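Remember, it's a predicted structure, so these values are computed and weren't measured experimentally. Throughout, a chain's letter reflects where its sequence line sits, starting with A, and its residues are numbered from 1.
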2 protein chains.
Amino acid sequence: MTDTARGTARRYGSRPTMKDVASRAGVGLKTVSRVVNGEPGVTPDTERRVQEAITALGFRRNDSARILRKGRTASIGLVLEDLADPFYGPLCRAVEEVARSHGALLINGSSAEDPAREQELVLALCARRVDGLVVIPAGDDHRYLEPEIAAGVATVFVDRPAGQVDADVVLSDNFGGAQDAVAHLIAHGHRRIGFVGDQPRIHTAMERLRGYRAAMAAAGLPVDESWVSLGATDPERVRSAATAMLDGPEPVTALFAGNNRVTVTVVRVLGERPQPVALVGFDDFELADLVRPAITVVAQDAARLGRTAAGLLFRRLDGIADPPRRVELPTRLIARGSGEIPPYEG
Amino acid sequence: MTDTARGTARRYGSRPTMKDVASRAGVGLKTVSRVVNGEPGVTPDTERRVQEAITALGFRRNDSARILRKGRTASIGLVLEDLADPFYGPLCRAVEEVARSHGALLINGSSAEDPAREQELVLALCARRVDGLVVIPAGDDHRYLEPEIAAGVATVFVDRPAGQVDADVVLSDNFGGAQDAVAHLIAHGHRRIGFVGDQPRIHTAMERLRGYRAAMAAAGLPVDESWVSLGATDPERVRSAATAMLDGPEPVTALFAGNNRVTVTVVRVLGERPQPVALVGFDDFELADLVRPAITVVAQDAARLGRTAAGLLFRRLDGIADPPRRVELPTRLIARGSGEIPPYEG
DNA sequence: CCCTCGATTGACAACGTTGTCTAGAGGCTA
DNA sequence: TAGCCTCTAGACAACGTTGTCAATCGAGGG
């Protein structure tokens, strides 16, 4: 296929290049480049001829080649746990908005809480030469990122700290939020309070557990180990864990649910029981105010987490190289009723 | 900076290339390429030397260059309305999973329901030479995509049909679902039913309106135009639209809410009124069963929409070139109570 | 009329990878 | 030992763009 032939009838699947545009417009390659990029030094007449050729051929600049040449991809990577989780949607969107305001695209992937998959995704993004990474860690050892960070891939961790790597991190005050939640229940007369949390290898789960224990200790209350469940995340296991606490030998009179999915399941479980049971959940969720009783929660601002992280990232990309920061965002207890239910002694 | 120097101490921000690995291992460039890609024809000893050099330098293949050379990016683009919307999270995740199973990454962006932004995003993705596109249209004219589609960018539209362009499309049965919803209300004795829908330029909004009218007509019921509200999407306007219908001269006794966000707002409005009002919402949402009364909805399977679309897309990428398909997925009426509330005559 | 200067334009190399092709080493057969 | 074949390995071009630099042209000044 000759260049002339390409200029008029191209094969399906192959796209015209600047060379094709150039030969059709009767100008040099570099002139096309100048027109495409709006660089000065092209007469209006030449520019018009080039524009016509561009339109006629349906030319669109190949950014792969541009990226290769320029060394910057104008894209950032986001690795999170699960896009379908309502907590991460707003976070992702917030990161996207910041990226957009800096002219960057967002490539993202879900780790499904699997460290191997997290690593695979992160390294795939590095191979694409994303300018920076926002990572919600699934694993607890990120040393595999060291060569990448050393090579200049700006990296910010969100929601959970990185393992074994010194980098920017943006967290919620999980410890303080959990303390507030449990203190709220204690203030309403509860002494036996259960905690249904996430996998123990997840940092937020342990921080929330720590907050739970601290609040209990601060009130001089003992914690029976049968009141603590970790790692039950699927609805069925959450259900049986909660039921065991409520019907056990030392029955709890209130529950603190460790994340939004756990809360939703616990709400269902409690709804089936004859007597009301107090509940505070970590993470706010839509309609929490419309369930009866309305659910008291410790709210994190997911969008703010994302915005803050992306902001830090672009700060790094702008060349600011001060030591890694650790930002902790406050949580907010939203009392809606379910936390004020007094203890019910069966 | 000499090649030797690069091999030992590289400048921050510049990464080693295959050339660096090759000179460090004392082999040719192509041999490194072979090792990196697991191609045969390398003796174990040579391979070991190359691997050592790779590890020592922290080499990672530059996929930008690879993409440029191979012509395939192994990435697909997804343009949707808003990632923070709980309807799109699962859809996005489903597309991602299909992409992953085909070894592709997902680049996505939110159009924020703005046609100009949709076009900007789509064309940016085309410039990146994504292999294919999944688009949830915001605009109604997609002729700007014609050169891209002609050039081989496989494109599938989801949730709403494309405008002026012949391409694969995956939809929910919005018309049928709306009919079901309204018929359900009619079956429970309602004769004056209001519809609070999305912007009229959105295809799904018009289809649902059409279903509403068809169901009313099928039951021989007149529709007072004060019962139809289109375009009120923000909570404040939905609130006043619903209130106007409920308190107007021809007050409605039931409401059909046109999408998940509208439904949530309407639930709030109804919760503040003394007497119960029947409601069916389009789109299911978490906790719809826990609100009192539990909300009857017409459910779409967002994940299935995404899976189906991505499946069609990869079919095209595998070279199957039959005429564009239009797939319509069924909706499901989930009766939970709010639709069975009988008419209350104030 | 010649020289200079600024503006416009294009030739060429480079970005880092992969596909093609060829060279060389070594083993086997006749 | 010659001839052939297989296997390993590297040289080189190409992908489509952008940065550098040099060439050309017209205008204006001496």
Please report the distance, rounded to the nearest Å, between [atom1] in [X] and [atom2] in [N].
| X | N | atom1 | atom2 | result |
| --- | --- | --- | --- | --- |
| B/L29 | C/dG16 | CG | P | 11 Å |
| B/R129 | D/dT17 | CZ | P | 7 Å |
| A/M18 | D/dG19 | CE | C1' | 13 Å |
| A/D63 | D/dT17 | CG | C1' | 10 Å |
| A/K19 | D/dC15 | NZ | P | 6 Å |
| B/N62 | C/dT18 | CG | C1' | 13 Å |
| B/R60 | C/dG16 | CZ | C1' | 15 Å |

Below the 4.0 Å mark, does C/dT18 have OP1 or OP2 next to a side-chain nitrogen or oxygen of B/R61?
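Answer yes for this pair, as a side-chain N or O of B/R61 is under 4.0 Å from OP1 or OP2.
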With a 4.0 Å limit, can you tell me whether A/T31 has a side-chain N or O closer than that to the phosphate oxygens OP1/OP2 of C/dT9?
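Result: no.
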Got a sec: does the CG of B/D140 have more than 12 other heavy atoms crowding it under 6.0 Å?
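No, CG of B/D140 has 12 or fewer neighbouring heavy atoms, counting only those of other groups under 6.0 Å.
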Check whether the side chains of B/D131 and B/T73 place a donor and an acceptor atom closer than 3.5 Å, and report yes or no.
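A donor-acceptor contact under 3.5 Å links the two side chains.
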[X]/[Y] ion pair, N-O < 4.0 Å:
| X | Y | result |
| --- | --- | --- |
| A/E96 | A/R100 | no |
| A/E148 | B/R15 | yes |
| A/R315 | A/D318 | no |

Supply the atom-to-atom distance A/L123 CG to A/R128 CZ, rounded to the nearest 0.5 angstrom.
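The distance works out to 13.0 Å.
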Using a 4.0 Å heavy-atom cut-off, does [X] contact any base of the nucleic acid, only the sugar-phosphate backbone, or nothing at all?
| X | answer |
| --- | --- |
| A/V36 | nothing |
| B/N37 | sugar-phosphate |
| A/I67 | nothing |

B/L68 or B/V27, whichever maps to the more 5' nucleotide of DNA chain D:
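Going by which nucleotide is closer to the 5' end, it is B/V27.
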Can you work out whether B/V32 or A/R69 has the more 5'-proximal nearest nucleotide on DNA chain D?
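Its nearest nucleotide being more 5', the pick is B/V32.
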Which pair of non-hydrogen atoms, one from B/A99 and one from B/I76, has the smallest distance, and what is that distance?
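Looks like CB-CD1, 4.0 Å.
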Closest listed nucleotide, where the reference is the side chain of B/R66 and the choices are C/dT18, D/dG16, C/dG16:
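Minimum distance to the B/R66 side chain belongs to C/dT18.
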Keeping B/R316 on the side-chain end and B/D322 on the backbone end, is there a donor-acceptor pair under 3.5 Å?
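Yes, the answer is positive, given that a donor and an acceptor are paired below the 3.5 Å cut-off.
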Looking at A/E39, is its backbone amide N or carbonyl O close enough to the side chain of A/N37 to form a donor-acceptor pair, meaning the two atoms are under 3.5 Å apart?
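No.
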Please work out which residues in residues 38-49 of chain A have a non-hydrogen atom less than 4.0 Å from an atom of DNA chain D and list them by number.
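Of all residues in residues 38-49 of chain A, none places a heavy atom under 4.0 Å from DNA chain D.
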Partners passing ring pair (Phe, Tyr, Trp, His ring centres under 6.0 Å) against A/F314 (at least two apart in sequence or in another chain)
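So A/F314 forms a ring pair (Phe, Tyr, Trp, His ring centres under 6.0 Å) with A/H102.
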What string of B, S and - do you get for nucleotides 20-27 of chain D, 5' to 3', if B is base contact, S is sugar-phosphate-only contact and - is no contact with any protein heavy atom under 4.0 Å?
B-------
